[in-house]
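Labels below follow one simple rule: chain letters A, B, ... track the order of the sequence lines, proteins then strands, and each chain is numbered from 1. Since the structure is predicted, the reported quantities are computational estimates derived from the model, not experimental observations.
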Protein chains: 2
Amino acid sequence: MYSYMKRDSRLSSVLHALLHMAEHEGPMTSEALGKCLGANPVVVRRTMGLLREAGLVSAERGHAGGWRISADLKTVNLRQLHAALGEPAIFAIGNRNETPECLVEQAVNAALDKAFLEAEALLLDRFADVTLADLAADFARRHAERRASKD
Amino acid sequence: MYSYMKRDSRLSSVLHALLHMAEHEGPMTSEALGKCLGANPVVVRRTMGLLREAGLVSAERGHAGGWRISADLKTVNLRQLHAALGEPAIFAIGNRNETPECLVEQAVNAALDKAFLEAEALLLDRFADVTLADLAADFARRHAERRASKD
DNA sequence: CTTCATGTAACTATACATGTTACGATTCGG
DNA sequence: CCGAATCGTAACATGTATAGTTACATGAAG
């Protein structure tokens, strides 16, 4: 009944949701977004709630309610979304002991930390370079391509 | 009874173990290495077994047995060790659906994959730059520093 | 007031490194 | 040749975080 889950896919999920919302007229319900993502509506509310706390979306209850984007697509980048999700751990690999007395382990940690910090900095820089507007444009390009290939 | 575990620390563990072995005369038992790492001897055997399969260490059973390094410290780098461990997943974050039909999700995946692949390439390059001999030298430097500060 | 939708608590499912117990296989000392 | 030491490995338990699910309270629209 459960899909194979091993990694945090919330950033992927909220991006997918936000782009659908951007293409959609009016608010979208958690159930509609859940259908787009193949996810449970409660999980959608849980995750989108983090974006609401960051002021990136708003939610309205009752009839004709749902989720709306409350920010400019051109100003929201992936790094902000990662931050809005609480900056979840990026790496699945890490040191065994973060504050060791053993000098051997200190040398090991220093080498690994250096590599991981560089990779993390690069990743976050790349995240900062990509806005929702960029993704929307890429989607539009893919959409046009598909239509062209069908002619 | 269990220490707080959230990430794969096997690379950190084997580096710690290998450097202790490099400093040690003769083979080291799984129990001795477990004491160094604060880990269970069975876990040590399980993890070191992967390095044995890669030809980086050898194990001898019985009296005076244990683990020995069977490679030149100057030729073994962190990337080789990561490979010997089976190239475990580096990132704790990923796409929700790796092969989506939805064009929106394809655009999202493309952007995330690009960032993650760049960060992964950088990390593996940094891993390839660091040898066991480098770490041993860094340990020696830290050791000398500590002795100097005690004078 | 009924319906629709979010907000949220509580519980379950899953994967995987790690911890633990148990035992077989092998090597060496006496 | 017996027994201790040590690796090899199977089997099972533990802890953690996201994701799924159920249930219900809250609030808005008609």
Determine whether a donor-acceptor pair (one donor, one acceptor, N or O, separation below 3.5 Å) exists between the side chain of H63(B) and the base of dT27(C). no
Whether S30(A) contacts dT6(C) is assessed here as follows: a side-chain N or O lying under 4.0 Å from the phosphate OP1 or OP2. Is that the case? yes
Counting only heavy atoms not in E101(B), do more than 12 fall under 6.0 Å of its CD? no
Roughly, in whole Å, what's the span from CZ in R10(A) to P in dA19(D)? 6 Å
Go through dA19(D), dT9(D), dT6(C) for me and flag the one nearest to the R52(B) side chain. dT9(D)
Please tell me if R68(A) has a side-chain N or O lying less than 4.0 Å from either OP1 or OP2 of dT6(C). no
Ignoring hydrogens and angles, answer whether the base of dT6(C) and the side-chain atoms of R61(A) contain a donor-acceptor pair closer than 3.5 Å. yes
Using modelled atom types only, decide if a donor and an acceptor are shared between the side chain of Q80(B) and the backbone of N77(B) within a distance under 3.5 Å. yes
Between the side chain of T47(B) and the main-chain N/O of R10(B), is any donor-acceptor distance below 3.5 Å? no
Mind checking the CG-CZ spacing from N109(B) to F116(B)? Nearest 0.5 Å is all I need. 10.5 Å
May I ask you to decide if L56(A)'s main-chain N or O and S70(A)'s side chain share a donor-acceptor pair within less than 3.5 Å? yes
Under 3.5 Å, side-chain donor or acceptor atoms of residues 27-43 of chain B against the rest of the protein: list the pairs with distances, not counting sequence neighbours.
| unit_1 | atom_1 | unit_2 | atom_2 | d |
| --- | --- | --- | --- | --- |
| T29(B) | OG1 | E31(B) | N | 3.4 |
| T29(B) | OG1 | A32(B) | N | 3.0 |
| S30(B) | OG | W67(B) | NE1 | 2.9 |
| N40(B) | OD1 | V42(B) | N | 2.9 |

Inspect the contact between R126(B) and E120(A) and indicate whether a charged nitrogen and a carboxylate oxygen are less than 4.0 angstrom apart. no
Under 4.0 Å from any atom of DNA chain C, heavy atoms only: list the residues of residues 76-93 of chain B that qualify, in numerical order. none
Rounded to whole angstroms, how far apart are CD on E53(B) and C1' on dT9(D)? 12 Å
Name the nucleic acid region contacted by E31(A), choosing base, sugar-phosphate or nothing; use a 4.0 angstrom heavy-atom cut-off, strictly under. nothing
D8(B) atom CG is separated from dT16(D) atom P, nearest whole Å, by 17 Å
Please work out which of the three classes, parallel, tilted or perpendicular, describes the rings of F91(A) and F91(B), given edges at 30° and 60°. parallel
Members of residues 32-46 of chain A that approach DNA chain C, where some heavy atom sits under 4.0 Å away: V42(A), R45(A), R46(A)
Any base atoms under 4.0 Å from S9(A), or only sugar-phosphate, or nothing? Heavy atoms, all strands. sugar-phosphate
Would you mind classifying the nucleic acid contact of G66(B) as base, sugar-phosphate or nothing, using non-hydrogen atoms under 4.0 angstrom? sugar-phosphate
Nearest-nucleotide comparison on DNA chain D, the residue closer to the 5′ end among E60(A) and T47(A): T47(A)
Write down the distance between CE (M28(A)) and P (dC4(C)), rounded to a whole number of angstrom. 18 Å
Between R68(A) and E60(A), does any side-chain N to carboxylate O distance fall below 4.0 Å? yes
Distance, rounded to the nearest Å, where N95(B) contributes CG and dT18(D) contributes C1': 15 Å
